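Keep in mind that what you see is a predicted model, and the values were worked out from it rather than measured. Order of the sequence lines fixes the chain letters, A, B, ..., with proteins taken first and strands second; residue numbering starts at 1 for each chain.
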Number of protein chains: 2
Amino acid sequence: MLAIGTLAKKTGTKVQTIRYYEQIGLMNTPGRTAGGQRRYEVDDLDRLAFIRHSRQLGFSLDAIREMLELADNPQYPCEEVNQIAARQLAEVENRIDRLMSLKTELSRMVTQCQGGHVADCRVLKVLRDHSECLTEHGQSGQAGFNIHPLV
Amino acid sequence: MLAIGTLAKKTGTKVQTIRYYEQIGLMNTPGRTAGGQRRYEVDDLDRLAFIRHSRQLGFSLDAIREMLELADNPQYPCEEVNQIAARQLAEVENRIDRLMSLKTELSRMVTQCQGGHVADCRVLKVLRDHSECLTEHGQSGQAGFNIHPLV
DNA sequence: CTCATATCTCTAGTGACTTGAGAGTTTAGC
DNA sequence: GCTAAACTCTCAAGTCACTAGAGATATGAG
């Protein structure tokens, strides 16, 4: 008997996102009030918590869908779920490595720029000229690694 | 006198991406051959290299646009560029922290799941039940941090 | 001149949502 | 019971940074 907003609050999800999950078949279609509003069971809360938590861990919706399917059929071997998690772990480690390199480089850039004009700004120099770069970005444009906007 | 494919190869960019950058006004509109093909100068190569390198460091296209504008006016103070980079650095650090938490949890999940069926798989339990989670994800759903798909 | 390769434009698709408009529903207080 | 605020509904479109594909045209080496 939970309204969508309650579900949203309890899981830190936006209402629209929950409807989106329903739309793409990740969440089951809930019951409705006479007036047409969604009303959820505690099971739905669990499922959404699972989804959100998995998302926070970096799983894609496809991976989550896969895991939910496995979870819905408890006779499946644990092995498969574990493989998904292991694959995920490797990716996380990879991503951490890359970010550490970026951090090194950005720190260096930021600390070296003390006042002055853009004309002789270290940040721009480093960005303009790859050779000033300490870290390697050899495999640029490779599949599987998306560049994510931060600023 | 560089064709778009050459530019693409030299910077590790896809041809379509270069045209996209032109379309959104990040790259200048290049000259054309009689037959209508784009021909670039070395300046364009530099600019593209700057863009790609910045992207690899995680700057958004908007931030890059901002920096390019500053760079085009060398009398501006360096301070602004530096602030962009500093902001970027903070984000990278934040992201690393989060990923480290994920790594901890995933490692724990993976090592604790040894065979058996999904019914008693730790991975699913941990993902379903936030309380089993060692790390904190209190500020879930917050703006400014996108969850990125890995699997 | 031929022909493989490169390039052209244009449209649509990706993932994981987010935003907004405009209308209807529920609920708390009186 | 009534009203007003808060919540919810559907549907469409927008976001970011590309990526993919179709079908037509251009270029350059031999």
Seminar exercise, completed: B:Tyr20 has its side chain closest, among C:dT7, C:dA16, D:dC18, to D:dC18
Exercise. Rounded to the nearest 0.5 Å, what separation is found between the CZ atom of A:Arg52 and the OG1 atom of A:Thr13?
Worked result: 4.5 Å
For this session: If a protein heavy atom is under 4.0 Å from the base, mark B; if only from the sugar-phosphate, S; if neither, -; do that for nucleotides 22-28 of chain C going 5' to 3'.
Result: --BSS--
Exercise. For A:Arg38 and D:dT10, is the shortest distance between a side-chain N/O and OP1 or OP2 below 4.0 Å?
Worked result: yes
Exercise. Are any of B:Arg32's side-chain N or O atoms less than 4.0 Å away from OP1 or OP2 of D:dA26?
Worked result: no
Seminar exercise, completed: Rounded to whole Å, the CG-P distance (B:Leu61 to D:dT15) equals 14 Å
For this session: Name all residues meeting the side chain to side chain donor-acceptor pair (under 3.5 Å) criterion together with A:Glu69; count only those two or more places apart in sequence or in a different chain, and write none if there are none.
Result: none
For this session: Rounded off to whole Å, could you give me the CD1-to-P distance for the B:Ile18 and C:dT7 pair?
Result: 9 Å
Exercise. OP1, OP2 of C:dC17 versus side-chain N and O of A:Arg52: anything below 4.0 Å?
Worked result: yes
Exercise. Got a sec, which residues hit side chain to side chain donor-acceptor pair (under 3.5 Å) with B:Arg38, two or more places apart in sequence or on another chain?
Worked result: B:Glu22
For this session: Starting at CD of B:Glu66, measure out to OG of B:Ser60 and round the result to the nearest 0.5 Å.
Result: 8.0 Å
Seminar exercise, completed: Value for CG (B:Leu61) from CD1 (B:Ile24), rounded to nearest 0.5 Å, stands at 5.0 Å
For this session: Check whether any side-chain N or O of A:Lys14 sits under 4.0 Å from OP1 or OP2 of C:dT19, and answer yes or no.
Result: yes
Exercise. Nearest 0.5 Å, what's the CD-CG distance between B:Glu41 and B:Leu2?
Worked result: 8.0 Å
Exercise. In residues 21-31 of chain B, what residues come within less than 4.0 Å of DNA chain D, judged by heavy atoms?
Worked result: B:Tyr21
Problem set entry | Nearest-0.5 Å distance, CG of residue B:Asp44 to CD1 of residue B:Ile51 | 9.5 Å
Seminar exercise, completed: DNA chain C nearest-nucleotide lookup for A:Gln16 and B:Arg19: closer to the 5′ end is B:Arg19
Exercise. Within less than 4.0 Å of OP1 or OP2 of C:dT18, is there a side-chain N or O belonging to A:Thr17?
Worked result: yes
Problem set entry | Below 4.0 Å: OP1/OP2 of C:dA16 and any side-chain N or O of A:Arg65 | no
Exercise. Tell me: CG of A:Leu7 to C1' of D:dT8, nearest whole Å?
Worked result: 14 Å
Acceptor/donor pairs from residues 26-33 of chain A side chains to any protein atom, 3.5 angstrom cut, sequence neighbours excluded:
residue: A:Arg32; atom: NH1; partner: A:Gly36; partner atom: O; Å: 2.8
residue: A:Thr33; atom: OG1; partner: A:Gly35; partner atom: N; Å: 3.3
residue: A:Thr33; atom: OG1; partner: A:Gly36; partner atom: N; Å: 3.2
residue: A:Thr33; atom: OG1; partner: A:Gln37; partner atom: N; Å: 3.0

For this session: Output all residues satisfying side chain to side chain donor-acceptor pair (under 3.5 Å) with B:Tyr40, sequence neighbours left out; order by chain, then residue number.
Result: none
